[in-house]
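Written out below as structure tokens is the structure these notes cover.
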Amino acid sequence: MRLSASLFHIAFITAVLLLAGCSVTPSDDFIPMTVKNAAQAKAWELQGKIAVKTSEDKFSTNIYWLHQPAANDLRLTTVLGTTVLSLKTDQGMATLEVDGKIYRDSNAQNLLKAISGWSIPLESLPLWITGQIGNNDNIVSYNPDGTIKQLISHDPQANWSVSFLSWHHQSGALVPKLLKIERENVQIKIQSNRWTAVAARTK
């Protein structure tokens, strides 16, 4: 099953009308912390916007992401904070919830592609969101201040081009504010309105 643009819009509108869902708020299990660079943050929260454009689909919505070394909680939400799509990973299992249905797979990236048809490099995004690079990434150019301007990420299907359009200081670190990720007929823009380095709250 693929989540088409029309189905996504129906789910989006339904969520607005019913206001049925979870509002996106920082987890009570974590506290904000200050870091010198983003690599020091073992866990972080991102709140911003995401726009995905393919040859078949086009949409823009809010994004919330709580990233931990072994777990993730990623949600697409309405302007009112109501969750439309939820993707969680924990202990090697991915769970996708959309339009009242739940899907599971051992690979989050494959699961999202199978259900939505969206080709999104989920495994690399945590690095790019924090201005870091992976083993398959080659930096093409830098900004005058030394931050990354563009990189190419090698992928068996087709390489990704990642442009770091702007940067800002968050939680004491310099992190990307606007990313553009594209290949062939896929373009993804992620705008970071707030990036927060967090640590687990001591119980």
Side-chain angles (χ1 to χ4, degrees), residues 1-13 15 44 46-67 72-79 83-89 94-99 101 103-141 143 147-167 175-193 195:
M1 173 186 175
R2 285 191 54 185
L3 179 64
S4 65
S6 59
L7 180 56
F8 179 87
H9 292 154
I10 291 172
F12 188 94
I13 294 170
W44 46 259
L46 169 74
Q47 296 188 46
K49 295 183 179 296
I50 183 171
V52 178
K53 181 180 180 182
T54 71
S55 58
E56 299 176 354
D57 298 344
K58 181 179 180 181
F59 76 90
S60 176
T61 188
N62 294 334
I63 182 173
Y64 167 85
W65 193 339
L66 170 60
H67 172 76
N72 289 277
D73 179 1
L74 188 156
R75 310 178 212 171
L76 302 185
T77 69
T78 70
V79 294
T83 300
V84 175
L85 180 149
S86 170
L87 178 62
K88 298 182 179 181
T89 63
T95 303
L96 175 66
E97 184 173 357
V98 63
D99 197 29
K101 296 182 176 64
Y103 308 89
R104 292 183 174 87
D105 194 279
S106 59
N107 186 293
Q109 190 163 315
N110 291 343
L111 177 62
L112 184 62
K113 176 113 167 67
I115 301 304
S116 70
W118 306 331
S119 178
I120 296 178
L122 289 174
E123 295 178 359
S124 298
L125 281 183
L127 287 173
W128 300 341
I129 284 173
T130 53
Q132 302 177 74
I133 64 171
N135 295 331
N136 297 324
D137 301 339
N138 290 329
I139 298 175
V140 175
S141 58
N143 292 307
T147 55
I148 301 172
K149 183 176 183 180
Q150 186 179 26
L151 65 79
I152 298 296
S153 182
H154 299 284
D155 185 273
Q157 295 184 2
N159 292 343
W160 291 98
S161 172
V162 184
S163 299
F164 299 76
L165 300 180
S166 61
W167 294 70
V175 295
K177 180 178 177 61
L178 182 60
L179 288 171
K180 183 171 70 171
I181 305 161
E182 54 190 343
R183 75 175 183 190
E184 296 180 338
N185 296 322
V186 180
Q187 183 188 88
I188 305 160
K189 287 187 177 180
I190 298 177
Q191 176 181 304
S192 170
N193 293 336
W195 180 88

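Every heavy atom of this structure was used, including side-chain atoms; hydrogens, water molecules and symmetry mates were not.
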Open item on the list: Do Thr95 and Tyr103 make a side-chain contact, defined as non-hydrogen atoms from C-beta onward lying under 4.5 Å apart?
Closed with: no

- [ ] Mind checking the CD-CD1 spacing from Gln150 to Ile148? Nearest 0.5 Å is all I need.
- [x] 11.0 Å

Open item on the list: Counting C-beta onward and ignoring hydrogens, is there a side-chain heavy-atom pair between Ile188 and Ile50 closer than 4.5 Å?
Closed with: yes

TODO: Look at the side chain of Thr89 and the backbone N and O of Asn72, then say whether any donor-acceptor pair between them is shorter than 3.5 Å.
DONE: yes

Open item on the list: When you compare the side chains of Asn136 and Ser153, does any donor N or O come within less than 3.5 Å of an acceptor on the partner?
Closed with: no

TODO: Quick one: closest heavy-atom pair of Pro121 and Ile181, and the distance?
DONE: CG-CG2, 4.3 Å

Task: Qualifying residue for side chain to side chain contact (heavy atoms under 4.5 Å, CB included) with Ile115, from Asn110, Leu96, Asp99 - done: Leu96

Open item on the list: Could you walk me through whether Val162 and Leu179 satisfy the side chain to side chain contact (heavy atoms under 4.5 Å, CB included) test, starting with their C-alpha distance in whole Å, then the side-chain angles of each, then the deciding distance to 0.1 Å, before giving a yes or no?
Closed with: CA-CA 7 Å; Val162 184; Leu179 288 171; 4.2 Å; yes

Task: Donor-acceptor contact below 3.5 Å, side chain Ser163 vs main chain Leu165 - done: no

TODO: Say whether, by atom type as modelled, one donor and one acceptor occur between the side chain of Asp155 and the main chain of Gln157 under 3.5 angstrom.
DONE: yes

Open item on the list: Looking at Asp73 and Lys88, would you say the former's side chain and the latter's main chain have a donor-acceptor pair under 3.5 Å?
Closed with: no

Open item on the list: Using 0.5 Å steps for rounding, measure from the CG atom of Leu76 to the CH2 atom of Trp65.
Closed with: 10.5 Å

Task: N/O donor-acceptor pair under 3.5 Å between Asp57 side chain and Thr54 backbone - done: no

Task: side chain to side chain contact (heavy atoms under 4.5 Å, CB included) between Leu151 and Trp128, worked out - done: CA-CA 10 Å; Leu151 65 79; Trp128 300 341; 4.2 Å; yes

Task: Lys58 side, atom NZ; Lys53 side, atom NZ - distance, nearest 0.5 Å - done: 5.0 Å

Task: Min side-chain heavy-atom separation Ile190-Leu125 under 4.5 Å - done: yes

TODO: Grab the two heavy atoms, one from Ser192 and one from Pro176, that are nearest each other, plus how far apart they are.
DONE: CB-O, 3.7 Å

Task: Gly131 to Phe164 - nearest heavy-atom pair and separation - done: CA-CE2, 4.2 Å

Open item on the list: In the structure I gave you, are the side-chain heavy atoms of Asn138 and His154 within less than 4.5 Å of one another anywhere?
Closed with: yes

Open item on the list: Contact between Asn107 and Glu123 at the side-chain level, heavy atoms closer than 4.5 Å - yes or no?
Closed with: yes

Task: Distance, nearest 0.5 Å, that separates OG of Ser161 from CD of Glu184 - done: 12.5 Å

Open item on the list: Does Trp44 form a side chain to side chain contact (heavy atoms under 4.5 Å, CB included) with Val175? I'd like the steps, not just the answer.
Closed with: CA-CA 12 Å; Trp44 46 259; Val175 295; over 6 Å; no

Open item on the list: Return the CD1 to OG distance between Ile133 and Ser124, rounded to the nearest 0.5 Å.
Closed with: 11.0 Å

- [ ] Kindly compute the distance separating CH2 (Trp160) from CD1 (Ile152), expressed to the nearest 0.5 Å.
- [x] 12.0 Å

Open item on the list: I want to check something: taking the side chain as every heavy atom from C-beta on, are Trp167 and Asn143 in contact at a cut-off of under 4.5 Å?
Closed with: yes

Open item on the list: Using only atom types and a distance under 3.5 Å, with no angle test, would you say the side chain of Thr61 pairs donor to acceptor with the backbone of Thr77?
Closed with: yes

Open item on the list: Treating Gln191 as the side-chain partner and Lys49 as the backbone partner, does any N or O pair qualify as donor plus acceptor under 3.5 Å?
Closed with: no

Open item on the list: Quiz question: by atom type and distance under 3.5 Å, do the side chains of Thr130 and Gln132 form a donor-acceptor pair?
Closed with: yes

